[in-house]
Amino acid sequence: GGVNSLVVWGPRESLEFYTPYPDVFLPYGYHDMETAKGNGFVGWVGYDGDPKDIPEGEWRAPTLVDDEGDVPADDAGDAPADGQVVRRIPESLMLNEEAAVLEEASQHGITVTHEDGVYTYLMTEDAHLSLLGAWKANLNTMLGNLLTSGDSGSVTAFTASDDFSAITLKVDSAKFSEDMVTMFTLALLSSSAPAYQALLSENDNPKAAILIVDAKTGNQLANMTAPDDFAS
């Protein structure tokens, strides 16, 4: 099919068409419905309700859809501009509250929206690299602190893949079960490691394999997948 229908992109991307109300709404840039129809306007898109109830200002500029209702990539309303990076991270993976997330993003010159349980980051490539560096440093600090947690600490060494999808802790098995600092850190890692992967690249289902190994014997004490095995 070809691109042949002018529609108005609404607040929800359901791609469902609705009969327009000519006396209430017109496509953006048109002053009468006949002219709009003559240019291919066929209906409102993206609002699952009565168009009369659409809050003022929620319509975006027109876009084109093909005759099967799909948005061509070049015309998609939410397509990033050249040099822009978009990443979507579930709020369940974020350690901070919304205000702190937005504040951190602003420090890197990044725009973040929070809708439907997902944080969407829109940023330049340089800002993306800057934020990745900050998150990676935090993760490495979190792991490094396990080695300096005092006499009660059980971790003797750790390794982590570059994207934190695989983390191994070598521990003193006699201390591990009572090591509350390490247990708390594992809970933090169960969210922050997958979150880093979602920031690094487009990943709808980020996971981290966390392996606990006896430092003396090499025996495996635990093999967990984050965030699944840490869900409350």
> Around Asn219, counting heavy atoms of other residues, nucleotides and ligands shown, do more than 12 lie under 6.0 Å from its CG?
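Above 12, so yes.
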> What distance do Leu122 atom CG and His128 atom NE2 have between them, rounded to the nearest 0.5 Å?
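Here the rounded value is 11.5 Å.
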> Answer whether the closest heavy-atom distance between the side chains of Thr141 and Leu143 falls below 4.5 Å.
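SC-SC contact between Thr141 and Leu143 ruled out.
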> What is the distance from atom CD of Gln107 to atom CG of Leu102, rounded to the nearest 0.5 Å?
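One gets 11.5 Å once the value is rounded to the nearest 0.5 Å.
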> Is there side-chain contact between Val118 and Glu91, with at least one heavy-atom pair below 4.5 Å?
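A side-chain contact under 4.5 Å is absent here.
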> Given 3.5 Å as the limit, does a donor-acceptor pair link the side chain of Ser191 with the main chain of Leu188, or not?
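Checked: no pair found.
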> Hey, does Thr159 have a side-chain heavy atom less than 4.5 Å from the side chain of Ile167?
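No, their side chains stay 4.5 Å or more apart.
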> Return the CE to CD1 distance between Met94 and Ile89, rounded to the nearest 0.5 Å.
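Here the rounded value is 5.0 Å.
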> Verify the cluster assignment for Leu95 and Leu146: are they in a single hydrophobic cluster under the rule of side-chain heavy atoms below 4.5 Å apart?
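In one cluster with Leu95: Leu146, yes.
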> Taking the side chain as everything from C-beta on, heavy atoms only, tell me whether Glu104 gets closer than 4.5 Å to Val112.
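Glu104 does not reach Val112 side chain to side chain.
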> Assess whether a salt bridge exists between Asp204 and Arg88, defined as any Lys/Arg side-chain N lying under 4.0 Å from an Asp/Glu carboxylate O.
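Between Arg88 and Asp204 there is no salt bridge, as every charged N stays at least 4.0 Å from the carboxylate O atoms.
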> In residues 221-231, what donor-acceptor pairs under 3.5 Å come from side-chain atoms, sequence neighbours left out?
| residue | atom | partner | partner atom | Å |
| --- | --- | --- | --- | --- |
| Asp228 | OD1 | Lys207 | NZ | 2.7 |
| Asp228 | OD2 | Lys207 | NZ | 2.7 |
| Asp229 | OD2 | Thr225 | N | 2.7 |

> Please check if Val213 and Val155 belong to a single hydrophobic cluster, counting links between Ile, Leu, Val, Met, Phe, Trp and Tyr side chain heavy atoms closer than 4.5 Å.
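No; Val155 is not reachable from Val213 via cluster members.
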> Heavy atoms, side chains only, cut-off 4.5 Å: are Thr120 and Val86 in contact?
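Yes, close enough: below the 4.5 Å cut-off.
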> Is the shortest heavy-atom distance from the side chain of Lys170 to the side chain of Phe158 under 4.5 Å?
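Counting from C-beta outward, Lys170 and Phe158 never come under 4.5 Å.
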> Output the distance between atom CG (Leu199) and atom CG (Leu132), rounded to the nearest 0.5 Å.
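Answer for the CG-CG pair, Leu199 versus Leu132, is 4.5 Å.
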> Is the shortest heavy-atom distance from the side chain of Tyr119 to the side chain of Arg87 under 4.5 Å?
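Side-chain contact under 4.5 Å: no.
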> Report yes or no: do Asp172 and Ser154 form a side-chain donor-acceptor pair below 3.5 Å?
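No, no side-chain donor-acceptor pair sits under 3.5 Å.
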> Measure the acute angle between the ring planes of Tyr121 and Trp135, then classify it against the limits of 30° and 60° as parallel, tilted or perpendicular.
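Correct class here is perpendicular.
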> State, yes or no, whether a side-chain contact exists between Asn145 and Thr185 at a heavy-atom distance under 4.5 Å.
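Not in contact.
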> Tell me the closest heavy-atom pair linking Phe176 and Thr182, and the distance in Å.
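What the structure gives for the nearest pair is CE1-CG2, 4.0 Å.
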> Have Ser161 and Asp163 got a donor and an acceptor in their side chains that come within less than 3.5 Å?
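Result is yes, a qualifying pair exists.
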> When hydrophobic residues are tied together by side-chain contacts of less than 4.5 Å, even through go-betweens, does Phe164 share a cluster with Leu211?
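Phe164 does not cluster with Leu211.
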> Atom OG in Ser192, atom CG in Leu139: separation rounded to 0.5 Å?
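If we round to the nearest 0.5 Å, Ser192:OG and Leu139:CG are 4.5 Å apart.
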> Restricting to non-hydrogen atoms, name the atom on Ser177 and the atom on Met180 that form the minimum distance, rounded to 0.1 Å.
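It is O-CE, 3.8 Å.
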> Minimum heavy-atom separation for Leu147 and Ala157, please, with both atom names.
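Closest pair (atom of Leu147, atom of Ala157, distance): CD2-N, 3.7 Å.
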> What heavy-atom pair brings Ser165 and Gln197 nearest, and what distance separates the two atoms?
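It is CA-NE2, 3.4 Å.
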> Between NE2 of His108 and CG of Asp126, what distance do you get to the nearest 0.5 Å?
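Going from the NE2 atom of His108 to the CG atom of Asp126 covers 13.0 Å.
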> What do the steps show when you test Leu189 against Met142 for side-chain contact (heavy atoms from CB on, under 4.5 Å), and what is the final call?
CA-CA 8 Å; Leu189 288 170; Met142 192 182 300; 3.7 Å; yes
> Would you kindly confirm whether Leu93 and Ile210 end up in one hydrophobic cluster when ILVMFWY residues are joined by side chain heavy atoms under 4.5 Å apart?
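Same hydrophobic cluster.
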